[in-house]
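Here's the structure we're looking at; comments come further down.
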Amino acid sequence: MPKPVFNEDRCKGCELCTVVCPKKIVVIANRFNSKGYRPATCSDESQCIGCMMCARACPDVVIEIHK
Amino acid sequence: MPKPVFNEDRCKGCELCTVVCPKKIVVIANRFNSKGYRPATCSDESQCIGCMMCARACPDVVIEIHK
Amino acid sequence: MAEIAFARPESLHDVPFHYCPGCHHGIIHRLVAEVIDELKVRDRTIGVVPVGCSVLAYNYFNFDTQEAAHGRAPATATGVKRVHPDSVVFTYQGDGDLASIGCAEIVHAAARGEKITTVFVNNAIYGMTGGQMAPTTLPEQVTVTSPYGRDPEKVGMPIRVCEMLATLDGAKFIARVAVNNPANMAKAKAAIKKAFEIQMSGLGFAIVEVLSTCPTNWGMTPLEAVAWLEKNMMPYYPLGIFKTPEGVAK
Amino acid sequence: MAEIAFARPESLHDVPFHYCPGCHHGIIHRLVAEVIDELKVRDRTIGVVPVGCSVLAYNYFNFDTQEAAHGRAPATATGVKRVHPDSVVFTYQGDGDLASIGCAEIVHAAARGEKITTVFVNNAIYGMTGGQMAPTTLPEQVTVTSPYGRDPEKVGMPIRVCEMLATLDGAKFIARVAVNNPANMAKAKAAIKKAFEIQMSGLGFAIVEVLSTCPTNWGMTPLEAVAWLEKNMMPYYPLGIFKTPEGVAK
Amino acid sequence: MAEKILMKGNEAIGEAAVVAGCRHYFGYPITPQSELIEYMAKRLPQVDGVFLQAESEIAAINMVYGAAGAGARVMTSSSSPGISLKQEGISYIAGAELPCVIVNMVRGGPGLGSIQPGQCDYFQATKGGGHGDYHNIVLVPNSVQELVDYTILAFELADKYRNPVMLLGDGALGQMMEPIAFPQGAAAAPAKPWATTGLRGRKEPNVINSLHIQAPDLEKHNIHLQAKYKTIRENETRWETYKTDDAELVLVAYGISARVALSAMEQARAAGMKVGLFRPITAWPFPYEALAPLAGKAKAFLAVELSAGQMVEDVRLAVNGASPVYHYGRLGGMICSPKEVLGEVTKIMQGKEGK
Amino acid sequence: MAEKILMKGNEAIGEAAVVAGCRHYFGYPITPQSELIEYMAKRLPQVDGVFLQAESEIAAINMVYGAAGAGARVMTSSSSPGISLKQEGISYIAGAELPCVIVNMVRGGPGLGSIQPGQCDYFQATKGGGHGDYHNIVLVPNSVQELVDYTILAFELADKYRNPVMLLGDGALGQMMEPIAFPQGAAAAPAKPWATTGLRGRKEPNVINSLHIQAPDLEKHNIHLQAKYKTIRENETRWETYKTDDAELVLVAYGISARVALSAMEQARAAGMKVGLFRPITAWPFPYEALAPLAGKAKAFLAVELSAGQMVEDVRLAVNGASPVYHYGRLGGMICSPKEVLGEVTKIMQGKEGK
Amino acid sequence: MTHEIVMAGFGGQGVMLMGQLMTYAGMLENKQVSWMPSYGPEMRGGTANCSVIISDEPIGAPIITEPTAVVAMNLPSLDKFEPALRTGGILIINSSLIEQKAKRSDVKEYRVPSNDIASELGNLKVANMVVLGAIIAATKAVSQESVMQAFAKMFAKKPGLLEINEKAIKRGAALVEGK
Amino acid sequence: MTHEIVMAGFGGQGVMLMGQLMTYAGMLENKQVSWMPSYGPEMRGGTANCSVIISDEPIGAPIITEPTAVVAMNLPSLDKFEPALRTGGILIINSSLIEQKAKRSDVKEYRVPSNDIASELGNLKVANMVVLGAIIAATKAVSQESVMQAFAKMFAKKPGLLEINEKAIKRGAALVEGK
Ligand SMILES: Cc1ncc(C[n+]2csc(CCOP(=O)(O)OP(=O)(O)O)c2C)c(N)n1
Ligand SMILES: Cc1ncc(C[n+]2csc(CCOP(=O)(O)OP(=O)(O)O)c2C)c(N)n1
Ligand code: SF4
Ligand code: SF4
Ligand code: SF4
Ligand code: SF4
């Protein structure tokens, strides 16, 4: 089962990952990380198809895709 | 009657004027000018047709064409 | 443990970037690093980084690097490459760095057919110094040094670097790409890879211009910036391959 | 007294040139001076002369001049023109000056569409300093810094300046001419005149590249030099109009 | 003088230039002076002036050469690495005797260094960063108001002597805000019959030039330049003294350091130490003759500067062995505090002097 | 040492560089050093070296930066205006601590000046033509043989201290011919574990850099540089004295001027005047400590240089007020003759000193 | 009397503006003033601080080594500047973002939940104005009126901003005065 | 003994080579030598001269202000350098191009019709060698053999040149010695 793993403290909340996800499951969380940004997160891991779009779109290499 | 007038002491003997004359009357003289160059001269002014080719070809503005 | 399908390339140190949220520099860094990993040349790569927002790139790339003076990366890279002809040398430069102060150096590196690769990040503005006009700033674009909008009557139209360098014989591969969406990112990576391969086969100079965002100095959110890039930059700076040894155009 | 059909133009002081016998610099000076006379703009012309064999051109031109630093004539001319927008400003530059050290300045003057005219004397070598390689030196050409012949593998092919600048929007008129024979001299003069007219009509940047000889450093007689130019330079540097507001090509 | 306003140093320079009649600016962005180029970008079009961002510092200084030669009051500005790039051009401007104003808001060096304030370009500014025997007039203001006043003076001196004038500040002065007032204007630019304006009826062409191809001619030109420099030395050397009359120790400092030194001096006085301050306002010409007599009175001198020891050489040349001269500096963009300077002062006063 | 050969100074530098193991040269033509670049163009390919004519002096110095950072023994050369253009690059090289050799065959300035020999770039070379607190090691040979010897030394010192070394000559030295002999070779270049060669199995990437974005880091780096400069001062200061033991007047001169001064000294001695000569061989570090003790003995000093007064400041700093220091200079490409210097000497000895 | 106030936070929190307004107000009161920024080493997303001096005497060094008051808008700022504060000095802590308490007992601590108050006021951007209100109330370096005058001058082109900012300043001041 | 010889002419007359050969010869004789060129202000078609010093003592200044001998290949050179010549000095005049006689009576004048002799020898290019022969014969600064050795070394790649040049040198020398 593919799964996006977020290195949350590296996230700057830029939202670039959110728009590329074909399943629209990458969303911005309603909390702050240690840097003061609202980080991206996966709203429903079960839907992840492992397309790696979010990971590729992220300028800060926040996201790993585990298989 | 057109006539080429050479400012002989300015001539550097480069021969550029000699090859453009349609009448082949611009030639290098067999003497030295004050700068040590063999200057160009007109071998037969009567043949000059006033085409100004020699004057235009001269890099040192040596030649005037009088009419 | 789970198998990892997508992770940080080895050629990128595991440290956070200092770039602004959503800045494309980070994506472009990663693509370069991935290419170097895939070509298995990390061990003999020497990167030359510019003065510009990516001035600290030497902290991110996990291979040897030199920090060049503003605009002079192509000259510096030339020095490096001529000492180690078997190494893989690239410059990473912004538009102010490459197209403004470093114009002579990039033209001559290209003309010499210097066997180096250039990754040229065109974000139509000076990022590091706070948003001044670049040679690539678009007509009417407002920057802190074109506060009334860039006026082509006074300062001319933006320079299209790829098109200009394409007139030079030594430049063997020239492409303009963008990283505004996944499809273009794939193309961008392919172009960067190609540009390194050209170098490794000794053919000559190769450059990839990457259209990039500067949300901070454009005064936009990262997503707005991507949209602005698509709407304004792409029409003026058409994507494509301008020159390649295979003769494939666009 | 006889009427004078051809005489030194008013824009040229009546002093001897220091140029070597047969050097084309003298012809090109005269053409520029004739054009300025014909356009009746001597009174508002400011010439910017380079470092190169024509460094003393300020002694020859009979109008205001500035002696620029090596390669920087386009920047200097920009300063002049921006102070006196109604004046006629031109640069006179050699190939080392314009295409090598001054590459960034000419590209940017062209890109800005700076309302100046450039007379670019391409003699494929550095004259003043004794015959070193220029960016325009031909492949295999022997110079004192390419003693084994210019090797394109190591230093690339010569830069074709007109073709490169033609990619820039601000450059409105671009032509390459020669003064190797009377017919070409006439075309050269027409091109130079056009380049000044473009400036005067405020359209933008104009440049005329004049293929020129350097008998001294080529190690030839003046006539041999002309023949060498015709045989070697003209094929690599095709004459013609590369850009003009009328859209006439070649 | 108008109402006081609060302004950043860099912007104040820009407005002062406009007040001085400068209508041409050519520059290239660099921290920490970008506020100045940005100010000019906004301001000059409002007064029908010309702002042009050059492709490089080199292009900028050569545009200045062209514009100055064409008769304009013209300015450029940069910070350390950019000023290094201008050195050839500055030497040309000095050689051709063109008036212009060059601003250097110094940052920590060498190389790319840092963007924090420094005073480590003193030698470059005063002794000749470029080639040949020439001098810039170098003004070293120490407050935002002085940035204004000396920018205006810079244009006046440049025109008066046909010489480049450098305003040598630092990142701190450039970015700090203080209340200032602008004077109504500067002395009008003198006539410039030598400028290349196009003949416009003039008989003899003007030539702007630094080439003198015969060495005897170039020597003659240099002798003329040296004579001019002598006049400038005699007439334009500027400095200020604070409580030097009874001082046993004289601090010597300029620019931002002079303010730190002033605070330190006050604290030292408060602690009963007889300390004074000598502040050069022109770094070239350096006020040797004003400083020298103090050597007879003071027991020691302490140069305080944000460098490893540059101005201190001028202090030594002035003092000429009459008293010991010490140096205290911070490097690489660090600013020293009054407390640190007080520490040095105390050491010297107690005879435990440092380096 | 091999057989003596007759060679031009500029070419001798080139061959000496090859002897020293230099295999990379980047430069741009300029009179009066073009013989050197031309020599390298011919010679380096013969020894599998790399000669590249750069598009400009700026490109050349940045190629040197790249090559030096990559571990090569590398050289560039130019003359005054071209050296001014290299100042940013030199500051970067000093900041990044890269070894390289830079040759300046000085000509008359300022600006385009002339192509005749000068010594008017002394300040630029020794005090910092570029920005920031850095120093070049500056060698000032005075014969073609010394051009050879000190070119070789230059490479050795550059590598030893990871510092740019400048060979400061002039047009006369560069173009004159004298018999010379070449040594077998130079000290081999030390290992350069810091060079960017590509990792090639190394674990930690190497970075060549002059940026220290945090001021405290940059200060630390500067303190390290200053410590290095101190070591160089202590170990590498070089000079020569001629008949200074009993000298009442000490001439101080370097390079071509030192030869003129030497002739003048001999003539003065012949005329019964007790004159000596102090010749700095390193202009930075200047031999202050060697010169200072002479001040106790000699009644006066006369600096002879082809400039309006540059090295003389270092002489004054050394003498520190102990004796009067005079200056005699020619400007703009003129060389002074022994006779002129003798005239100055005589004036001083007779108490009718000049300036 | 000389106030030497350091205001620190991360970029975007508006510490520079706070400092400038206070400096401007001081000038309006004919005091000697200076404002000096210090940008963190990271140009992007780094920390920033400024030094404000308001004094009756001419100002020597515009830099501050021992502040009479410190405003800490985020934790790194608190950590960095608390130790330098003079005995008896004033420490304003933006308690919306900083949980940590003052470590020193020889200073006067004011905790200002500026983001919360701003969000109460309906505009997150005025958090810095809340803190500004607090610092002027705590230091009395300048009057609230002068600050409002300064604001009016600096934002002469945006008079609409005046009201909400004044509210914020008042809330901050009230918080300190109510203490 | 110190010979300080100035050789002058216009570019292309080969004065530089003359000087270099003499200097080289001096070196071969283990003397102290130096050669220094001075190019005229005009880079193109200007005058050129060189200073040759051949001495038993180490050489101080390589520049010459009072030459012991002067070679003038053209009139401007004669005008320029004759006045500087030391009393008793040697003056070689290329009489093919210079009609003017020495103005000074306190020097030894040799008139060498070098172009004519060279053209007699069938090679105009060796005019300078004729003069070289004359100057070494007149000054005895170096021997003819050393000069020929120097020539052989400098033109090692063109041994064919040796003969005609030796002839020219001999002719020049004979002219002086015959006097
Ligand atoms: C010689 C010199 N001039 C100017 C600067 C200041 N400077 C630093 S980066 C930069 C431009 C950055 O813009 P760009 O190259 O487009 O890169 P970006 O920051 O947008 O990635 C400038 C002008 C400098 N460091 N050195
Ligand atoms: C900064 C600087 N670098 C180098 C030189 C030396 N220099 C003078 S002219 C010249 C090149 C001349 O060649 P080109 O421009 O082709 O003109 P030409 O003499 O052939 O007419 C050079 C390198 C200089 N004067 N200044
Ligand atoms: S793209 Fe990366 S930094 Fe941006 S929101 Fe997504 S995970 Fe965060
Ligand atoms: S072209 Fe002119 S310089 Fe040349 S030979 Fe003819 S007249 Fe003389
Ligand atoms: S300023 Fe612009 S280019 Fe620089 S990091 Fe931020 S978004 Fe990227
Ligand atoms: S060297 Fe060449 S370009 Fe210069 S004047 Fe002579 S022939 Fe002309």
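Chain identifiers are assigned alphabetically (A, B, ...) following the order of the sequence lines, protein sequences preceding nucleic acid strands; residue numbering begins at 1 within each chain.
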| query | Which bit of D:Glu114 is near chain C, if near means a heavy-atom gap under 4.5 Å: side chain, backbone, both or neither? | reply | neither
| message | I need the residue from D:Gly113, D:Ala166, D:Ala111 with the largest number of non-hydrogen atom pairs under 4.5 Å to chain C. | response | D:Ala111
| said: I'd like to know if C:Glu153 and D:Lys115 make a salt bridge, using a cut-off of under 4.0 Å between side-chain N and carboxylate O. | reply: yes
| Just how far is it from atom CE of D:Met164 to atom CG of C:Leu168, taken to the nearest 0.5 Å? | 6.0 Å
| D:Lys154 NZ to C:Arg82 CZ distance, which is reported to the nearest 0.5 Å | 8.5 Å
| With chain C, which of D:Ala99, D:Ala104, D:Pro158 has the greatest number of heavy-atom pairs at distances under 4.5 Å? | D:Ala104
| request: Over all heavy atoms of both residues, which pair between D:Glu163 and C:Thr167 is shortest? Give the atoms and the distance, please. | output: O-CG2, 3.5 Å
| request: Below 4.5 Å from any heavy atom of chain C, which atoms of D:Ala110 appear? Answer side chain, backbone, both or neither. | output: neither
| message | Using only atom types and a distance under 3.5 Å, with no angle test, would you say the side chain of D:His108 pairs donor to acceptor with the backbone of C:Cys103? | response | no
| said: Working note: D:Val107 + C:Ile159, criterion side-chain contact (heavy atoms from CB on, under 4.5 Å); need CA distance, chi angles, decisive distance, verdict. | reply: CA-CA 9 Å; D:Val107 165; C:Ile159 297 179; 4.3 Å; yes
